[in-house]
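Everything below concerns the one structure shown next.
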Amino acid sequence: MSTSAITRFVAPEGEYIFGLLQDWSDNFGELDIKMSNVSGADGAIDEYGSIRAPKKQGKVTLTINIKARSEVEETQLSDNLYKIVTWSKGRLYMQPADQNADERWCEARLVSIPRKLNLNNHDDYHYQVQLTFATDFPYWLTQGTSPWKWGDGTQWGTKSWGDVGSQEICTGTQTDFTLTRDGTASVLPAISILCATGQSTSGVTIQRLRGIQVIDEVTWDDALTEGDNLIIDAWKWKITLNGNDAYDNRFSEKLLRWLQLDSGDNTIRVIQPLPGDTCTVSMTYFETWN
């Protein structure tokens, strides 16, 4: 029987593979609730009201076994492990129990590798080491529809070339489509609004709906002509037009998060001012898992 396991840590300085994993844990399911007591009243005031509480700073802890057959081998194994103390922030990879599922990772940095040996128990040949990593984004990620780059640590054969998300040709004043995600947590996508050959639009509004209710909305209030490519990147809070910074008063949003994609089906509506307007819309994102 397989179980989910931390497999390796990849940083610009190199890769360390955790060969003999004993156990591991994360706190990605821990929320930072805020409740204030009121003197003389039962219960407390929930400071977040009806919205979800944010996650705490992420932490991943794992225990590995060091097993050696000689002093020389033990020294080499120990040195190979402790060299990552000087490594930069990198990707900590986890393989789900389903061995056919994509590897997941979090952007993490090493916090500590304490060293404690009991020589009476001959710990110089066989001992356990606990490592702690911290992450500022406490989610496990997979590539999703986001374009990949060389050197990110992903194994050969697990990438799909040229995947930029499904492209939707949006014509006229309203186009609706459904975008379905696999992850268990919400994600902020990069939205591409491209005017391909023969396309142009006098402006565009992109909404995410739940039933008939508009949950998220972003608007670009300016014309786009053939060849233009507008990127509204909610993940990075960045807007570019043909590669140039375009975060100005032509852009507006309903909420600070701009536009969010939930797990499962997302109803997307593209609104353009004129019946003859047309553009191609696609969204790229990492899949996110709690």
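Side-chain atoms are counted along with the backbone in the values below, which use heavy atoms only and exclude waters and symmetry mates.
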Residues Arg208, Asp262; criterion salt bridge (charged side-chain N to carboxylate O under 4.0 Å, His left out); working and verdict: CA-CA 10 Å; Arg208 180 174 66 95; Asp262 289 337; 2.9 Å; yes
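- No side-chain heavy atom of Ile215 sits less than 4.5 Å from a side-chain heavy atom of Leu209.
- Summarising the geometry of Tyr48 relative to Ile51, their closest heavy-atom pair is O-CG1, 3.0 Å, with the distance given to 0.1 Å.
- With ring centers used as reference points, Tyr285 lies 6.0 Å or more from Trp235.
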Step-by-step salt bridge (charged side-chain N to carboxylate O under 4.0 Å, His left out) determination, Arg91 to Glu107: CA-CA 5 Å; Arg91 285 185 174 183; Glu107 302 287 345; 3.2 Å; yes
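- Side-chain atoms of Glu73 never come within 3.5 Å of backbone atoms of Glu71 as a donor-acceptor pair (strictly under, hydrogens ignored).
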Test salt bridge (charged side-chain N to carboxylate O under 4.0 Å, His left out) applied to Arg210 and Asp216, step by step: CA-CA 10 Å; Arg210 187 176 296 142; Asp216 300 323; over 6 Å; no
Verdict with supporting geometry, Phe18 and Thr63, side-chain contact (heavy atoms from CB on, under 4.5 Å): CA-CA 9 Å; Phe18 303 110; Thr63 303; over 6 Å; no
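- A distance-only check finds no donor-acceptor pair linking the side chain of Ser146 to the backbone of Gln143 [under 3.5 Å].
- Closest heavy-atom contact between Trp87 and Ala11: CE3-CB, 4.0 Å.
- For the atom pair CG of Asn242 and CG of Asp228, the computed distance is 4.5 Å after rounding to the nearest 0.5 Å.
- The local environment of CZ in Arg250 is crowded, with over 12 non-hydrogen atoms from other residues, nucleotides or ligands closer than 6.0 Å.
- One hydrophobic cluster holds both Met94 and Leu21 under the rule that ILVMFWY side chains link at heavy-atom gaps under 4.5 Å.
- One distance of note links SG of Cys106 with OH of Tyr139; it measures 13.0 Å at 0.5 Å rounding.
- Atoms CG and CG, on Asn65 and Asp23 in that order, are 9.0 Å from each other to the nearest 0.5 Å.
- Smallest separation of non-hydrogen atoms from Lys55 and Asn290: NZ-OD1, 2.8 Å.
- At most 12 non-hydrogen atoms from other residues, nucleotides or ligands lie less than 6.0 angstrom from CG of Asp221.
- Annotation: Phe9 is in aromatic contact with Phe133 [ring centroid separation under 6.0 Å].
- Of all heavy-atom pairs spanning Cys279 and Gln272, the tightest one is SG-OE1, 3.5 Å.
- Side-chain atoms of Arg115 and Ser78, non-hydrogen and from C-beta on, do get closer than 4.5 Å to each other.
- Judged by distance alone, with hydrogens and angles left aside, the side-chain atoms of Asn80 form no donor-acceptor pair with the main-chain N or O of Leu77 at under 3.5 Å.
- A donor-acceptor contact closer than 3.5 angstrom links the side chains of Trp289 and Thr142.
- Interatomic distance, Ile17 CD1 to Thr7 OG1, rounded to the nearest 0.5 Å: 8.0 Å.
- Under the 3.5 Å distance criterion, the side-chain polar atoms of Glu226 are matched with a main-chain donor or acceptor of Gly198.
- Proximity of a side-chain donor or acceptor of Glu13 to a complementary backbone N or O of Ser88 within less than 3.5 Å is detected.
- Ring centroids of Trp258 and Tyr247 are separated by less than 6.0 Å, placing the two rings close together.
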Residues His126, Ile66; criterion side-chain contact (heavy atoms from CB on, under 4.5 Å); working and verdict: CA-CA 6 Å; His126 179 200; Ile66 300 293; over 6 Å; no
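- Gln130 contributes atom CD, which lies 8.0 Å from atom CG of Leu62 (distance to the nearest 0.5 angstrom).
- Counting heavy atoms from C-beta outward, Glu74 and Ser70 have side chains that stay 4.5 Å or more apart.
- Ser112 contributes no side-chain N or O that, together with a main-chain N or O of Pro114, makes up a donor-acceptor pair within less than 3.5 Å.
- In this structure, the side chain of Asp277 engages the main chain of Ser202 through a donor-acceptor pair within 3.5 Å.
- Residues Phe251 and Met283 are members of one and the same hydrophobic cluster, defined by side-chain heavy-atom contacts under 4.5 angstrom among Ile, Leu, Val, Met, Phe, Trp and Tyr.
- Looking at Asp233 and Ile191, their side chains never come closer than 4.5 Å, going by heavy atoms from C-beta outward.
- Summarising the geometry of Arg181 relative to Ser186, their closest heavy-atom pair is NH1-CA, 4.0 Å, with the distance given to 0.1 Å.
- With hydrogens and angles disregarded, no donor-acceptor distance shorter than 3.5 Å links the side chain of Asp79 to the backbone of Gln76.
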Side chain to side chain donor-acceptor pair (under 3.5 Å) between Glu47 and Ser36, intermediate numbers included: CA-CA 7 Å; Glu47 296 187 19; Ser36 301; 2.4 Å; yes
Step-by-step side-chain contact (heavy atoms from CB on, under 4.5 Å) determination, Ile268 to Leu261: CA-CA 10 Å; Ile268 305 298; Leu261 298 176; 4.1 Å; yes
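- Under the 4.5 Å side-chain criterion, counting only non-hydrogen atoms from C-beta, Leu241 is not in contact with Asn229.
- Smallest separation of non-hydrogen atoms from Tyr82 and Ile113: CE2-O, 3.4 Å.
- Residue Val85 is grouped with residue Val129 when hydrophobic side chains (ILVMFWY) are merged at heavy-atom distances under 4.5 angstrom, including chains of intermediate members.
- Between Trp220 and Thr201, the closest side-chain pair of non-hydrogen atoms is not below 4.5 Å.
- A donor-acceptor contact closer than 3.5 angstrom is absent between the side chains of Asp265 and Thr178.
- Annotation: the span from Thr180 atom OG1 to Asn266 atom CG amounts to 7.5 Å, rounded to 0.5 Å.
- A 4.5 Å side-chain heavy-atom check between Ile193 and Leu224 finds at least one atom pair inside the cut-off.
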Side chain to side chain donor-acceptor pair (under 3.5 Å) assessment of Gln199 paired with Thr280: CA-CA 8 Å; Gln199 293 183 330; Thr280 301; 3.1 Å; yes
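- Linking ILVMFWY side-chain heavy atoms closer than 4.5 Å, directly or via other members, places Leu81 and Ile6 in a single hydrophobic cluster.
- For Ser4 and Gln95, the side-chain atoms include no donor-acceptor pair closer than 3.5 Å.
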side-chain contact (heavy atoms from CB on, under 4.5 Å) assessment of Leu92 paired with Val60: CA-CA 9 Å; Leu92 187 65; Val60 181; 3.7 Å; yes
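- Ring geometry, Trp105 versus Tyr93: the interplanar angle falls from 30° to 60°, so the pair is classed tilted.
- Side-chain contact between Lys254 and Gln207 is absent, with no heavy atoms from C-beta onward closer than 4.5 Å.
- The cluster map of Ile, Leu, Val, Met, Phe, Trp and Tyr, joined by side-chain heavy atoms under 4.5 Å apart, puts Ile33 and Phe28 in different clusters.
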Derivation and outcome, salt bridge (charged side-chain N to carboxylate O under 4.0 Å, His left out), residues Arg104 and Glu287: CA-CA 9 Å; Arg104 301 175 186 179; Glu287 284 290 5; over 6 Å; no
